[in-house]
4 protein chains.
Amino acid sequence: MGFNMRERIRAAGHDVVGFDRDPDVTDAASLAEMVERLAAPRLVWIMVPAGDPTRRTVAELGELLSAGDLVIDGGNSRFTDDTHNAELLAGRKIGYLDCGVSGGVWGRENGYALMVGGAADDVERAMPVFDALRPEGPREEGFAHAGAVGAGHYAKMIHNGIEYGLMQAYAEGFELLEAADVIKDVPAVIKAWQRGTVVRSWLLDLLVRALDHDPELDDLRGYVDDSGEGRWTVEEAINLAVPAPVISAALFSRFRSRQDDSPAMRAVASLRNQFGGHAVHQAGPTSGSGSTQG
Amino acid sequence: MGFNMRERIRAAGHDVVGFDRDPDVTDAASLAEMVERLAAPRLVWIMVPAGDPTRRTVAELGELLSAGDLVIDGGNSRFTDDTHNAELLAGRKIGYLDCGVSGGVWGRENGYALMVGGAADDVERAMPVFDALRPEGPREEGFAHAGAVGAGHYAKMIHNGIEYGLMQAYAEGFELLEAADVIKDVPAVIKAWQRGTVVRSWLLDLLVRALDHDPELDDLRGYVDDSGEGRWTVEEAINLAVPAPVISAALFSRFRSRQDDSPAMRAVASLRNQFGGHAVHQAGPTSGSGSTQG
Amino acid sequence: MGFNMRERIRAAGHDVVGFDRDPDVTDAASLAEMVERLAAPRLVWIMVPAGDPTRRTVAELGELLSAGDLVIDGGNSRFTDDTHNAELLAGRKIGYLDCGVSGGVWGRENGYALMVGGAADDVERAMPVFDALRPEGPREEGFAHAGAVGAGHYAKMIHNGIEYGLMQAYAEGFELLEAADVIKDVPAVIKAWQRGTVVRSWLLDLLVRALDHDPELDDLRGYVDDSGEGRWTVEEAINLAVPAPVISAALFSRFRSRQDDSPAMRAVASLRNQFGGHAVHQAGPTSGSGSTQG
Amino acid sequence: MGFNMRERIRAAGHDVVGFDRDPDVTDAASLAEMVERLAAPRLVWIMVPAGDPTRRTVAELGELLSAGDLVIDGGNSRFTDDTHNAELLAGRKIGYLDCGVSGGVWGRENGYALMVGGAADDVERAMPVFDALRPEGPREEGFAHAGAVGAGHYAKMIHNGIEYGLMQAYAEGFELLEAADVIKDVPAVIKAWQRGTVVRSWLLDLLVRALDHDPELDDLRGYVDDSGEGRWTVEEAINLAVPAPVISAALFSRFRSRQDDSPAMRAVASLRNQFGGHAVHQAGPTSGSGSTQG
């Protein structure tokens, strides 16, 4: 993603020196060399995995950069990390912005939506880069200064939580269409939702695209990973005492998708067997008999 | 279950003539013979599967019985069937009660809890049988006249809906204990909840019993059937616009437990692959690479 | 909506005779006059409330129309009604199509997405009207022949079920943004999601529009009606044993939104008070003290 | 609760010196005096609010106690606090056990169920106190050594998570009984579940008790606090990737119960108004008209 973003910024006429551990794509041999090759005041965009890698990179940059430089964390960091990063750099008079980025593999072509947290003057200084990265069209439709440090990653976290709910809603609808005898052409129905309907969206377009390649989506398994923001969203809902039944249901459906067998449902099966003599499915194959209630 | 109930009523000193299609357990060769061998006014207890079998039996009894007789449907009929059954019999001056029965395979020994719908004088007439069937102790702790025709099965339906929620709650707790490294002895923890805790219950006792035989519950699979009342409960919640997040979550967990692979989660996996280049698990084996968000 | 559709069909160059009970908008004084003024073979589009009004209109048209005519139910009928309607008309050699329509108040301008169930030759005959109603662009992106009779309303029902889930996902995200201290400008964040993000959609555009008028959405109350399709979707999920945790959570959230006080939560409050001495909020005002667990 | 536990331990014949900030119930004027008045090796039971108060008390005891003493945290601490507490005391050769306690206001009479984490020899040393506190009956039905340090509080946390689910299940059932016209006597139905049913439990007995005092539970409001363990349980489900749809639904229902109006449902209402012209309820009073879909 960092690679694509560099290309987009360069295409807008800016000089960019990139550092990546992969020698095939990097412009500089080290973070230090990268810093050296940039004229002050520098603007450094971090795009590495959330957590330790980002924290380590911020710390290293704190050693290398000078007062007046500006660091932007454009990765998927948890918003609670940003305060710490900002304070660390502030001690050396280095500015800090956090920037949530949405756009995935399509961003190089379509532009990246940006949600930014930090001080207004830092945001102002970085605006040429933000303008290079964001989609065509009115700035405010693909860019927001959401608040102080942390607000950008917070906004991106919520964006992703919503995304979980949206995908699960389409997914349940897909399964209900698949399961109905009366529907003869599921992909045609979903394709017909692309114009004029209430449910039209970019995700719907992608679903149509996926169905074009695989009309019953049976080339793949219903196994879904998660990369953290959905969990953080639900944890934040808990912290704030905000009901989040849909986002949490979407998250738990992912967890369930990764289980071959459910320990919880083994407990339910064993209880039904205990009180009702209900048949259980043995751990090997087979089934049983019986049943009265439950 | 009908067999066990007959035995319990007989043990209380009542004459019972049972009819069952199984010649090994029946007392009469046909429903007609059964009716013939009973002196009027008769009390006939129906204990057959819900739906058509019960409706057919009620219709047949309508032909065979006389004015002043009383029919009790003790099966798991949907409460909406009761009005029809009662009207059919009322046309012939035959009384009708619906009776929800809880107790499962333990009822013969412990007694059956009874929830009854119908006219007060019909309930009064049948009370000796209800008293024979219900558990020891104060009548009102194992028997209720819940309302007019349908109320008994309605109450039983809700009882079962609650049961779904209770079982799922214990089941989630079981899985959370199993998943935690810090817990060394899951069965010991659950056994220790039997006295003094807020969560003690008969279902908990049954879970302890199941764990005594199979401490990790891995002799069986997490595959859970449902026999209708949970579905009806959620449908009734929808009819009445009553939020039922827990009972419905328990029901959907059962549905999910019976799927080898989830079509919905295939849709989510395909969407993540489309927008983020996230790896998918192929329908055969394997996994992939990549990932940026979601 | 019927009015807007008439205008759109007329604008495409078709003759339309509309009947409405409102004398200000109707073209004919009665359904009979409307039929009389149309040359056979006629195509009659029904756009009246689901349930009895639609069933009565179909029955009346069965009396008025001739063999070879074609009726299209474009209302929000439950798909299970369609078979009955089709059979009634088939007895008189009148064709029947069911057509789910999406587009709301925006349809006159944007066109209406159409999901149709019925026989292929009936669909073919009605295609000029469908083409007049559907949005600009490739036909298959705003029109689908989904299957046999019932398939159109089934597809529309699922469309609406998905819509419930999508709206609830955005809504939870909105509340989580509102609740966070770090976010200073909620409308700006949501507006910035319109381009380049994974969550961009027409519903998101509408949310932006709503926030333009009322940045905290506090001119209205969080009271949400439902018009049936969401309930039917969850009932169908139950019929088909398809897990639908997100769509049902969205439905239940609407039910809850219409309650001033929750009887269920009164039960939970009373239980906590019983076992833990936890304070309860009296039905009038005030609160209390205490607490140990739960 | 500490007071009641002191009485129960004394009643078993042990010497207890209690310290409480309330001069009316304390035995010692300070923690230091309390320690001084106990002969080594001492066993000190902490029963103060979770979080800072407990952590401070552990730290203070670390200063006051001697090698060979043993501290038991019997409060509702989060299990993740225990490792830190144990390490702090281990540095001074003081033992540490964490003990989850269930029983509420009924514990003094019925005994307290105990779930303990820590080293086996520390558990052994404290067993006379555990035996004094736990309910009558076999030790393993009211006491468990669940695992290493933290296991006791973990087990208690899960106990409480289950409790949330159980209460919500009964509560939904209560509301469904209340809402049904056919049920004439809700308290009678629930009372009748006390014997012989699958749903009988101590919580059910408490619900009967509450209904005896207030048959429609309308002396109180449906406002439900939470004291942390439910949140921690869902957070732990997220950490462990365990689906917990029921426990989370119960938690979110509590959050919702504390909102006068739902920001999320304002967003849904505004969306429906945008696309369908659906009436909204104004923030003051009133309603509106209109509607076509959704």
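Proteins get letters first, then strands, A, B, ... in listed order; numbering begins at 1 in each. For clarity, every value in this text was computed on a predicted model and none was experimentally measured.
- Neither the backbone nor the side chain of D/V116 comes within contact range of chain B; no heavy atom of the residue lies under 4.5 Å from a heavy atom of that chain.
- Per-residue heavy-atom pair counts under 4.5 Å with chain B were compared for D/A244, D/G117, D/A249, and the maximum is reached by D/A244.
- Ranked by non-hydrogen atom pairs under 4.5 Å with chain B, the options D/A146, D/G147, D/A250, D/G173 are led by D/A146.
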So which N and O atoms of chain D and chain B form donor-acceptor pairs under 3.5 Å?
unit_1	atom_1	unit_2	atom_2	d
D/S102	OG	B/V198	N	3.2
D/E136	O	B/R195	NH1	3.3
D/E140	O	B/A192	N	3.4
D/E141	O	B/Q194	N	3.4
D/E141	O	B/R195	N	2.8
D/E141	OE1	B/R195	NE	2.7
D/E141	OE1	B/R195	NH2	3.1
D/A146	O	B/K184	N	2.8
D/A146	O	B/D185	N	3.4
D/Y154	OH	B/L176	O	2.8
D/H159	NE2	B/V198	N	3.4
D/E172	OE1	B/V246	N	3.4
D/E172	OE1	B/I247	N	3.0
D/E172	OE2	B/V246	N	2.8
D/L176	O	B/Y154	OH	2.8
D/K184	N	B/A146	O	2.8
D/D185	N	B/A146	O	3.4
D/A192	N	B/E140	O	3.4
D/Q194	N	B/E141	O	3.4
D/R195	N	B/E141	O	2.8
D/R195	NE	B/E141	OE1	2.7
D/R195	NH1	B/E136	O	3.3
D/R195	NH2	B/E141	OE1	3.1
D/V198	N	B/S102	OG	3.2
D/V198	N	B/H159	NE2	3.4
D/R200	O	B/W202	N	3.2
D/W202	N	B/R200	O	3.2
D/V246	N	B/E172	OE1	3.4
D/V246	N	B/E172	OE2	2.8
D/I247	N	B/E172	OE1	3.0

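- Of the atoms belonging to B/V149, it is backbone heavy atoms, and not side-chain ones, that fall under 4.5 Å from chain D.
- Your options are B/G137, B/G150, B/G161, and the one with the most heavy-atom pairs under 4.5 Å with chain D is B/G137.
- Heavy atoms closer than 4.5 Å to chain B are found in both the backbone and the side chain of D/I183.
- Looking at D/P245, the atoms closer than 4.5 Å to chain B (heavy atoms on both sides) sit in the backbone and in the side chain alike.
- For the residue pair B/L177 and D/A155, the shortest heavy atom distance occurs at CD2-CA, 4.3 Å.
- In this structure, chain D has heavy atoms under 4.5 Å from both the backbone and the side chain of B/L166.
- The choice from B/A237, B/A188, B/A180 that makes the most heavy-atom pairs within less than 4.5 Å of chain D is B/A180.
- Shown here for B/A113 and D/A192, the closest heavy-atom pair between the two residues is CB-O, 3.9 Å.
- Shown here for D/G165 and B/V246, the closest heavy-atom pair between the two residues is O-CG1, 4.3 Å.
- Interface check for chain B: of the options D/G111, D/A171, D/A144, the most heavy-atom pairs under 4.5 Å are formed by D/A144.
- The two residues B/I162 and D/A169 make their nearest non-hydrogen contact at CG1-O, 3.5 Å.
- Heavy-atom pairs under 4.5 Å with chain B were tallied for D/V189, D/I158, D/L176; the largest tally goes to D/L176.
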